[in-house]
Number of protein chains: 2
Amino acid sequence: MKHVTIKDVAKRLNVSISSVSRAFNDKYDIKKETKELILKTAEEMGYFPNPIAKKLSQNKTFNIGVVVPEFINEYYSEIIIGIQEVFMAHGYQVLIAQSDEKPEIELKNVKTLIHSMVDGLIIAPTMDSGNMEYYLKELNAGYPIVFMSRVKETLEASKVYFNNKKWAFFAAEHLIRQRYKNIYYLAGYKSLNVSIDRIEGFKRAMNKHKIPKENYKVIETGLLAEEGMQVIEDLIYNHDLPDAIFCFNDRVAMGAIAKLKSNGIKVPEDIAVMGFTETRMVDLITPKLSSVKQPTFDMGKNAAELLFKQINNSLMEPQTIVLNGELTIRESSVRN
Amino acid sequence: MKHVTIKDVAKRLNVSISSVSRAFNDKYDIKKETKELILKTAEEMGYFPNPIAKKLSQNKTFNIGVVVPEFINEYYSEIIIGIQEVFMAHGYQVLIAQSDEKPEIELKNVKTLIHSMVDGLIIAPTMDSGNMEYYLKELNAGYPIVFMSRVKETLEASKVYFNNKKWAFFAAEHLIRQRYKNIYYLAGYKSLNVSIDRIEGFKRAMNKHKIPKENYKVIETGLLAEEGMQVIEDLIYNHDLPDAIFCFNDRVAMGAIAKLKSNGIKVPEDIAVMGFTETRMVDLITPKLSSVKQPTFDMGKNAAELLFKQINNSLMEPQTIVLNGELTIRESSVRN
DNA sequence: TTGTAAGCGTTATCAG
DNA sequence: CTGATAACGCTTACAA
């Protein structure tokens with residue numbers, strides 16, 4: 001139970017604790033044999049440097065904090081794995097906090113992590129609340145922060161995000177090319193930065209292909225399957241069905257498809273459906289869902305690397321990384 | 001950037017640092033006014049106790065480690081949320097490590113966490129490898145560990161798990177009551193403790209209802225949808241199809257359903273399907289999937305509370321908590 | 001009720 | 001190359 005300390009090792013070998021310390025941190029000069037002897041003995045004694053003491057004396061925690069809106073869905077889980085991979089390789093611990101999609105909880109999480117003195121933060125904000133100001137204040141005070149995923153392009157800070165405009169454009173264009181004439185976009189929350197970007201991409205495709213304004217619509221939904229269902233129910237009730245639907249994410253798409261099917265409307269024969277942020281479910285549902293895949297793992301890795309550089313002051317200017325994805329057409333969005 | 005310390009506060013008020021310390025830890029006697037004055041001044045100065053220093057002097061890290069097989073699927077994510085809720089309320093940080101279903105990585109994760117001196121561990125093991133011995137050695141050496149989810153009932157340690165036998169029995173019995181005569185169980189990995197228990201529950205139902213041995217089968221699959229698909233493909237190839245299939249989890253079930261459908265086999269008309277470990281997808285697929293819901297959140301909370309007690313020595317004997325679930329019959333397993 | 005001072009286990013500076 | 005020793009910021013006997 002008792003932890004062997006550097007002193008125990010030093011005493012055993014009749015060397016100073018500094019020597020032992022040096023043996024374990026090869027940035028100092030120390031004779032090779034001494035070092036090997038120390039390491040060997042330490043090993044035998046079951047000594048392992050106490051990370052807490054190291055943290056205190058170096059005034060670093062070697063912890064970083066990651067704040068995500070949720071990690072129930074695979075999207076942020078995969079991102080986190082990417083982050084962990086980078087930081088664990090550098091001997092850091094990654095503290096994960098999830099905000100349950102609530103800005104208040106997000107702010108609390110960030111404050112808790114800052115109080116626990118993490119060396120840096122990766123934040124994937126929920127909605128655009130007033131929190132950003134607070135984060136930027138911390139950032140300007142010298143706190144390393146990297147923003148991720150749901151961020152504005154204009155944000156003056158290091159950030160990593162998906163090129164939502166471009167890929168929403170591609171997805172919408174695909175539907176147009178399939179000769180669908182009436183296309184509705186179930187757009188997530190309009191207050192979400194990513195939503196705004198995807199709406200812009202969607203509209204750009206409509207304009208480029210000269211789809212008349214009365215032939216497309218942007219409808220606000222939430223992020224959940226139930227909300228996709230609700231919108232479809234309303235559309236059915238209002239006899240206002242398009243021939244193609246583009247959804248904010250796969251969950252909304254799956255909700256929409258389920259509701260359409262249960263009303264005897266066939267996908268894609270009667271109405272085509274397109275998802276976004278591809279999940280593992282796409283191949284398992286009927287029809288298989290067309291969707292846009294985001295490079296989640298890379299997103300995490302990139303954000304982590306940016307933060308790591310920031311922590312070590314090797315990043316002078318805020319840097320922005322914009323990632324691209326992959327559009328895979330499956331059964332749900334093609335003419336037979 | 002510079003952190004305000006206890007000394008700064010003490011100096012400002014001309015009190016000793018111990019007084020300041022005491023003001024922040026109300027377990028010592030201190031005059032009420034002094035305390036309030038100190039707290040107020042500290043607040044003004046932006047002082048916040050340095051957690052690292054506290055950790056070092058108390059020889060505790062106030063960190064606990066959680067090792068899960070994966071957190072891509074909602075199952076462990078929800079469990080983690082339950083754990084976090086309990087420990088954050090006690091001022092602990094929760095370090096999460098995922099083993100990618102690999103025992104070697106799991107062992108490495110546990111060792112890393114122990115080296116980083118977490119005050120206790122919650123381990124959800126991947127497979128039954130030799131790792132258990134190592135964990136029990138640490139446990140016996142006084143290290144607080146709680147095991148979770150995929151554990152043997154005979155394990156002599158605190159543990160929290162789902163009553164797999166019972167609920168696999170209920171699920172299988174439901175299929176029998178629906179008058180399905182040939183029932184196959186796609187059983188996950190046989191080396192998984194939960195698999196063994198569910199197989200036992202399945203067989204118990206078969207025996208109770210006197211289903212002849214030639215009318216049921218236990219087939220090893222993995223944990224993934226693809227593996228469910230593969231098994232169905234093989235069965236189709238061998239002209240060996242039952243009239244009902246019970247699956248290790250919803251993913252396997254969804255894979256099975258997808259493969260059956262793509263071969264023109266109707267669910268549940270031709271073959272009924274039953275899932276397990278209910279996911280949010282159950283209502284979104286066609287047909288809606290019958291499944292057994294596990295209390296993930298409670299599982300996390302219970303494990304966390306057990307560990308917390310162990311850390312604080314208020315738990316003398318290893319304790320076992322066995323949780324129950326909920327069987328929901330949907331479209332995939334009923335006769336019309 | 002308050003202050004003094006010795007830890008906690010390292011790193012890092014400065015001599016030697 | 002190695003050893004003493006002062007930090008790091010807090011808790012906690014012990015004394016007053």
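Each chain gets a letter, A, B and so on, in the order the sequences are listed, and its residues count up from 1. Here the structure is a predicted model, which means the values were calculated and not measured.
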Query - Protein-nucleotide distance (B:M45, atom CE; D:dG9, atom P), rounded to Å - result: 13 Å
Query raised in the report: Of A:V20 and B:V15, whose nearest nucleotide on DNA chain C comes first from the 5' end?
Result: B:V15
Query raised in the report: Are A:T34 and A:K32 close enough that some pair of their side-chain heavy atoms sits under 4.5 Å apart?
Result: no
Query raised in the report: Under 4.0 angstrom, heavy atoms only, what part of the nucleic acid is B:N59 near: base, sugar-phosphate, or nothing?
Result: nothing
Requested in this report: Pick base, sugar-phosphate or nothing for A:F24, based on heavy-atom distances below 4.0 Å to the nucleic acid.
Outcome: nothing
**Report entry** Side chain of A:K7 (C-beta onward), nearest among C:dC8, D:dA13, D:dT11
**Finding:** C:dC8
Query raised in the report: Are any of A:N50's side-chain N or O atoms less than 4.0 Å away from OP1 or OP2 of C:dC8?
Result: no
Query - Test: B:K137 and B:E133 ion pair at under 4.0 Å - result: no
Query raised in the report: Taking atom C1' of D:dC1 as reference, at what distance in whole Å does atom NZ of A:K35 sit?
Result: 14 Å
Report task. Have a look at B:S19 and say if it touches a base, only the backbone sugar-phosphate, or nothing, with a 4.0 Å heavy-atom cut-off. Result -> sugar-phosphate
Query raised in the report: With a 4.0 Å cut-off on heavy atoms, is A:P49 in touch with a base, just the backbone sugar-phosphate, or nothing at all?
Result: sugar-phosphate
Query - Given D:dT11, D:dT2, C:dT4, the nucleotide with the shortest approach to the side chain of B:S57 - result: D:dT11
Requested in this report: On DNA chain C, check which nucleotide each of B:L56 and B:K32 is closest to and give me the residue with the more 5' one.
Outcome: B:K32
Query - Closest to side chain of B:R22, choosing from D:dT5, C:dG3, D:dT2 - result: C:dG3
Report task. Tell me whether the OP1 or OP2 atom of C:dT2 has a side-chain N or O from B:T34 closer than 4.0 Å. Result -> yes
Query raised in the report: Expressed in angstrom and rounded to an integer, what is the separation of A:H3 atom NE2 from C:dT10 atom C1'?
Result: 12 Å
Query - Name of the residue among A:N59, A:T61, A:N63, A:N312 meeting side-chain hydrogen bond (donor to acceptor under 3.5 Å, both in side chains) with A:D119 - result: A:T61
Query raised in the report: Under 4.0 Å between a side-chain N/O of A:T5 and OP1 or OP2 of C:dG9, yes or no?
Result: no
Query - Residues, nucleotides or ligands: over 12 heavy atoms within 6.0 Å of B:E104 CD - result: yes
Query - B:I17, nearest nucleotide to its side chain (from C:dG3, C:dT13, D:dC10) - result: D:dC10
**Report entry** Any donor-acceptor N/O pair, A:E138 side chain to A:P144 backbone, under 3.5 Å
**Finding:** no
Query raised in the report: Is it true that A:E36 and A:K40 have a side-chain N and a carboxylate O under 4.0 angstrom from each other?
Result: no
Report summary line: With the side chain defined as heavy atoms from C-beta on, A:S18 is closest, among D:dC10, C:dT11, D:dT5, to D:dT5
Query raised in the report: To the nearest angstrom, how far is B:N14 atom CG from C:dT1 atom C1'?
Result: 17 Å
Query raised in the report: When the distance from CD of B:Q58 to C1' of D:dG9 is rounded to whole Å, what number comes out?
Result: 12 Å
Requested in this report: Using atom NZ of A:K31 as one end and atom P of D:dT2 as the other, report the distance to the nearest whole Å.
Outcome: 5 Å
Query - Base of C:dA12 paired with side chain of A:S21 (donor-acceptor, under 3.5 Å) - result: no
Query - Nearest-Å distance for atom pair NZ/P, residues A:K55 and D:dA7 - result: 24 Å
Query raised in the report: To the nearest Å, how far apart are A:M117 CE and D:dC10 C1'?
Result: 12 Å
